[in-house]
Amino acid sequence: MITLTPKIDPLFGDRYYEDVKTIQYRRVVGALAWPAILPPPADETHGAVIVLGERRHEDHAAQTHRIDILAEIQASDTPTLLDEVIRLQELCCCTAWVADTTSKADFHEMKRHDDRQRAERRPRIRVGLALHYDDPVRLHALLRARTGDTKTLFFGSGSIAAQSLQRAPLGLKYEDLRDGYQPYLALLYALGQIDLRDYRTNRQRQQHNGPATVAGY
């Protein structure tokens, strides 16, 4: 897990985030995939939180901005998952969170958590609806572009998202991913938020605008 410090460019006034190795990120995005039943033979529930960091400076060879996985966490229930989000919000300076907010049960859990945080005057989180949350084929195309010949998404050793991705058969529908591949699903949500939302205007894109074989911009 990486701890980031917010910085301001003294010349241009741009906000960015820096880790202890002075690696700089222009954008940090987090995503949640709600707990669900794991595939057989497991019977436990789990959810996942993934935080991605988009490098501040362009990789000129790839003609895009590299993305690193900054944090990956699994939790057995929604309240614990949300507590982890609060912690990562501070450690990773991540205030942009997305998920499938159409899930009524998890939405109500999120509302109860927010009410408790507000009553105790503790930090709160805002979770938006993930772009194309129910279209994993579209989101996986972004992932494939970033992990092909020109790699611009880096998992790190022991990544739970990478393990979940390797387990997931190609062509799974959203309902299938929601019921057992949470780290992979959270990764897709976060990546979609970076590659399909303009950095400057925050407007939604229909597709990434990097080179044809490389996601990002």
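Along the sequence shown, residues are numbered consecutively beginning with 1. Keep in mind that the numbers below use all heavy atoms, side chains included, and drop hydrogens, waters and symmetry copies.
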Specify the closest pair of heavy atoms between [X] and [Y], including all atoms of both residues, with the distance to one decimal.
{"X": "Tyr181", "Y": "Arg167", "value": "CE2-NH1, 3.3 Å"}
{"X": "Gly192", "Y": "Leu139", "value": "CA-CD2, 3.9 Å"}
{"X": "Pro183", "Y": "Gln74", "value": "CG-NE2, 3.7 Å"}
{"X": "Thr80", "Y": "Ala75", "value": "CG2-CB, 3.9 Å"}
{"X": "Ile23", "Y": "Asp19", "value": "N-OD1, 2.8 Å"}
{"X": "Ala186", "Y": "Ile50", "value": "CB-CG1, 3.5 Å"}

Exam field: side chain [X] to backbone [Y], donor-acceptor pair closer than 3.5 Å:
{"X": "Gln182", "Y": "Trp34", "value": "yes"}
{"X": "Thr147", "Y": "Leu143", "value": "yes"}
{"X": "Arg15", "Y": "Pro6", "value": "no"}
{"X": "Glu18", "Y": "Gln24", "value": "no"}
{"X": "Asp68", "Y": "Leu70", "value": "no"}
{"X": "His46", "Y": "Pro35", "value": "no"}

What's the spacing between [X] [atom1] and [Y] [atom2] if we round to 0.5 Å?
{"X": "Leu191", "Y": "Leu196", "atom1": "CG", "atom2": "CG", "answer": "8.0 Å"}
{"X": "Gln89", "Y": "Cys94", "atom1": "CD", "atom2": "SG", "answer": "7.5 Å"}
{"X": "Thr78", "Y": "Leu32", "atom1": "OG1", "atom2": "CG", "answer": "9.0 Å"}
{"X": "Thr152", "Y": "Asp59", "atom1": "OG1", "atom2": "CG", "answer": "8.5 Å"}
{"X": "Glu90", "Y": "Thr3", "atom1": "CD", "atom2": "OG1", "answer": "9.5 Å"}
{"X": "Asp195", "Y": "Leu188", "atom1": "CG", "atom2": "CG", "answer": "11.5 Å"}

Please determine if [X] and [Y] form a salt bridge, counting it only when a charged side-chain N lies under 4.0 Å from a carboxylate O.
{"X": "Asp115", "Y": "Arg118", "answer": "yes"}
{"X": "Glu175", "Y": "Arg178", "answer": "no"}
{"X": "Arg26", "Y": "Asp14", "answer": "no"}
{"X": "Arg122", "Y": "Asp83", "answer": "no"}
{"X": "Asp134", "Y": "Lys173", "answer": "no"}
{"X": "Arg124", "Y": "Asp114", "answer": "yes"}

Indicate if [X] and [Y] have the same hydrophobic cluster label, given that clusters are the connected sets of ILVMFWY residues with side-chain heavy-atom separations under 4.5 angstrom.
{"X": "Ile73", "Y": "Val51", "answer": "yes"}
{"X": "Leu177", "Y": "Leu129", "answer": "yes"}
{"X": "Ile160", "Y": "Val85", "answer": "no"}

Checklist line | Stepwise side chain to side chain contact (heavy atoms under 4.5 Å, CB included) test for Arg55 and Ile67 | finding: CA-CA 6 Å; Arg55 294 285 183 102; Ile67 291 177; over 6 Å; no
Do [X] and [Y] have side-chain atoms, one donor and one acceptor, less than 3.5 Å apart?
{"X": "Glu72", "Y": "Ser159", "result": "yes"}
{"X": "His132", "Y": "Tyr189", "result": "no"}
{"X": "Asp100", "Y": "Tyr174", "result": "yes"}

Note to self: If you count every heavy atom of other residues, nucleotides or ligands that lies below 6.0 Å from Phe155 atom CZ, does the total exceed 12?
What the structure shows: yes
Are side-chain heavy atoms of [X] and [Y] found at a separation under 4.5 Å?
{"X": "Tyr17", "Y": "Lys7", "value": "no"}
{"X": "Cys93", "Y": "Val28", "value": "no"}
{"X": "Tyr184", "Y": "His140", "value": "yes"}
{"X": "Tyr133", "Y": "Val98", "value": "no"}

Note to self: My understanding is that only residues two or more places apart in sequence, or in another chain, count here; which of them pass ring-ring contact (aromatic ring centres under 6.0 Å, His included) with Tyr16?
What the structure shows: none
Checklist line | side-chain hydrogen bond (donor to acceptor under 3.5 Å, both in side chains) against Asp9, all qualifying residues, sequence neighbours excluded | finding: Arg56
Check: Step by step, would you call Thr64 with Glu58 a side chain to side chain contact (heavy atoms under 4.5 Å, CB included)?
Finding: CA-CA 5 Å; Thr64 190; Glu58 183 180 279; 5.5 Å; no
Check: Where do Leu4 and Leu91 land on the side chain to side chain contact (heavy atoms under 4.5 Å, CB included) test, with the steps shown first?
Finding: CA-CA 6 Å; Leu4 299 180; Leu91 290 176; over 6 Å; no
Check: When you look at Tyr25 and Glu54, which way does the side chain to side chain contact (heavy atoms under 4.5 Å, CB included) test go after all the steps?
Finding: CA-CA 5 Å; Tyr25 298 92; Glu54 181 184 35; 5.6 Å; no
